[in-house]
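Encoded as structure tokens, the structure appears first; notes follow it.
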Amino acid sequence: MARADLSEPSTDTGPRRESVPVPVDGRASKPVLSRLVGSDIEEFAARHWGRKPLLRRTGGDFGDLLDLDGVDEILSRRGLRTPFLRLARDGAVVDSRSFTGGGVVGAEIGDQVRDDRVAALFADGSTIVLQGLHRIWPAVIDFTTRLADELGHPAQVNAYVTPPSSQGFSAHYDVHDVFVLQVAGRKRWKVHAPVHPSPLRDQPWSEHADAVAARARDDAAVIDEVLEPGDMMYLPRGWLHSATALGDVSAHLTVGVHVITAFALVEALTALVGSEEGLRASLPLGMDVGDPDRLEAQVESVRETLIAALRAVPGDALARHVRDKVWQGNRPEPLAPVATARFVLGLGDGDAVRRRDGLHFRIGDTADGRIVLELPDRRLSLPAATSTALTALLDGRVWRLGEIPGMDRSDQFVLVRRLLREGVLMAATA
């Protein structure tokens with residue numbers, strides 16, 4: 001078998017061809033979404049996803065993701081900084097200068113969270129909002145990585161901790177879908193139908209503040225229920241909601257799903273038709289673009305050219321453009337730098353490796369027959385002889401050195417070392 005030269009971290013900028021996504025099984029196939037919506041995910045997709053709310057009493061709890069002790073640890077022992085923390089009072093955000101300060105000796109920064117100030121403000125009725133937990137809390141990191149992979153849309157997680165009998169935010173809507181996971185205490189939720197269905201990212205509720213307030217004040221709620229630990233509620237973007245804690249401290253996680261919309265395809269098509277010369281042409285000299293009659297002739301000409309250009313946009317180019325919104329949305333499973341370096345140095349027969357959960361990739365080839373592994377931030381060029389082994393290593397299963405198909409033992413070591421150093425693979429417990 002020919003030896004494969006894999007030692008150099010080369011990249012390729014030649015032609016690309018999309019390949020069919022590699023099916024995933026093994027560790028990465030354990031569903032997370034079903035924990036939230038139940039086992040019938042197709043039913044959820046058909047009836048609720050992007051359409052209408054779902055309230056589900058799961059019969060379990062979400063304390064493994066975060067509990068009140070974890071909240072205190074984050075606030076007091078993790079060196080938290082803004083913007084990972086917000087406080088809200090009476091529907092408004094509290095000035096961060098009232099609960100942050102210098103990091104004192106050895107950490108001379110000015111915006112570290114002061115736990116004593118947070119304690120005082122919380123006791124006085126402010127809601128604690130821990131932002132970006134999918135970047136700082138291990139259990140939430142793992143959960144979000146897997147969930148985003150199953151959804152096919154980027155996700156984030158915030159926690160809302162509300163004092164007894166307090167309301168954090170007044171009725172509003174989000175520009176992303178949310179899964180609400182009640183963690184501790186009880187909270188009464190009121191949900192109203194949208195005033196602006198399916199808002200885009202640049203269409204916040206504040207643009208419809210009067211209509212939102214009137215709907216929440218005058219119309220009957222679609223949902224008016226108390227959530228207890230283990231309860232889950234799904235809200236598509238645009239649905240109005242507000243929540244009030246009952247009797248004791250209440251905490252819930254909000255999983256925000258930054259859905260890829262049909263308008264994302266419009267934006268991608270608009271960007272790609274810029275290659276059409278006729279759509280880059282200058283308008284006539286001295287033209288008054290404010291005159292609808294004079295502009296109409298130009299609009300009609302551009303419209304015809306645009307329609308033709310849109311039909312000519314290749315599907316693979318469109319997919320590459322849109323996929324970046326997903327591929328750049330969440331980081332893959334965390335990788336331990338020191339442990340990985342030590343593992344690579346001691347790599348031996350029988351050592352087990354697997355693909356990182358949540359890693360987005362495509363396998364393709366170039367005009368010269370080399371294999372291209374496309375990652376969110378770069379493209380790796382590999383010899384064609386690696387094709388079988390690479391496909392196996394990226395299929396989600398655990399593989400042991402010496403048992404990877406399609407390559408002899410020495411080349412397996414070279415390929416695995418390369419992929420470990422590139423952050424594609426990680427050590428596994430088989």
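- Looking at R146 and E150, no side-chain N of the basic residue comes within less than 4.0 Å of a carboxylate O on the acidic one, giving no salt bridge.
- Inspection of the K190 and H241 side chains reveals no N or O donor paired with an N or O acceptor under 3.5 Å.
- Under the 3.5 Å distance criterion, the side-chain polar atoms of T386 are left unmatched by any main-chain donor or acceptor of L382.
- Checked for salt-bridge contact, D316 and R320 meet the test: a charged N lies under 4.0 Å from a carboxylate O.
- Under the 4.5 Å side-chain criterion, counting only non-hydrogen atoms from C-beta, M233 is in contact with L227.
- Salt bridge status for R97 with D95: present, with a side-chain N to carboxylate O gap under 4.0 Å.
- Checking side-chain atoms of D351 against main-chain N and O of G348 turns up a donor-acceptor pair under 3.5 Å.
- Using a cut-off of 4.0 Å between Lys/Arg side-chain N and Asp/Glu carboxylate O, R35 and D64 are scored as salt-bridged.
- Distance CE/M232 to CG/L55: 7.5 Å, rounded to 0.5 Å.
- N158 and T254 form no side-chain donor-acceptor contact under 3.5 Å, judged by distance and modelled atom types alone.
- Residues E207 and H196 form no side-chain contact, since every pair of their non-hydrogen atoms from C-beta on lies 4.5 Å or further apart.
- In this structure, the side chain of Q328 engages the main chain of P376 through a donor-acceptor pair within 3.5 Å.
- For R400 and D349, the salt-bridge test fails: no basic side-chain N is under 4.0 Å from an acidic carboxylate O.
- You'll find the ring centres of W49 and H153 inside the 6.0 Å limit.
- The aromatic rings of H252 and Y160 sit parallel, their planes meeting at an angle under 30°, below the 60° perpendicular limit.
- The main-chain N or O of S381 is found under 3.5 Å from a side-chain atom of R370 such that the two form a donor-acceptor pair.
- Residues L66 and I74 form a side-chain contact, since some pair of their non-hydrogen atoms from C-beta on lies under 4.5 Å apart.
- Under the 4.0 Å criterion applied to side-chain N and carboxylate O atoms, R356 and E422 are not assigned as salt-bridge partners.
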Q: Please lay out, stage by stage, how Q131 and T82 fare under the test side-chain hydrogen bond (donor to acceptor under 3.5 Å, both in side chains).
A: CA-CA 9 Å; Q131 302 191 131; T82 57; over 6 Å; no
Q) What do the steps show when you test R57 against E225 for salt bridge (charged side-chain N to carboxylate O under 4.0 Å, His left out), and what is the final call? A) CA-CA 11 Å; R57 315 288 184 179; E225 296 281 351; 3.4 Å; yes
Q: Take R188 and D224 through the test salt bridge (charged side-chain N to carboxylate O under 4.0 Å, His left out) and record every step on the way to the result.
A: CA-CA 7 Å; R188 181 183 180 186; D224 186 350; 2.8 Å; yes
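- Between the side chains of H172 and S170, no donor-acceptor pair is found at a separation under 3.5 Å.
- Between E43 and R47 a salt bridge is recorded (basic side-chain N to carboxylate O distance below 4.0 Å).
- The residue from L359, V424, T145, D149 that alone fulfils the side-chain contact (heavy atoms from CB on, under 4.5 Å) condition with P332 is L359.
- No donor-acceptor distance shorter than 3.5 angstrom exists from the side chain of D61 to the backbone of P229, with no hydrogens or angles considered.
- Of the possible polar contacts, one joining the S275 side chain to the L272 backbone as a donor-acceptor pair under 3.5 Å is found.
- Classification of the F179-Y234 ring pair by plane angle, with boundaries at 30° and 60°, yields tilted.
- Side-chain contact check for L87 versus T127: every heavy-atom pair is 4.5 Å or farther apart.
- A donor-acceptor pair shorter than 3.5 Å can be found between the side chains of K187 and T162.
- Donor-acceptor pairing under 3.5 Å is lacking for the side chains of R89 and S126.
- Side-chain contact of R331 with H134: a donor-acceptor pair under 3.5 Å is absent, judged by distance alone.
- Here the side chain of Q412 pairs a donor or acceptor atom with the backbone of I404 at under 3.5 angstrom.
- The residues D248 and R186 are annotated as not salt-bridged, no charged nitrogen and carboxylate oxygen being separated by less than 4.0 angstrom.
- The cationic group of R417 does not satisfy the cation-pi geometry with F413, failing either the under 6.0 Å distance to the six-membered ring centre or the 45° limit from the ring axis.
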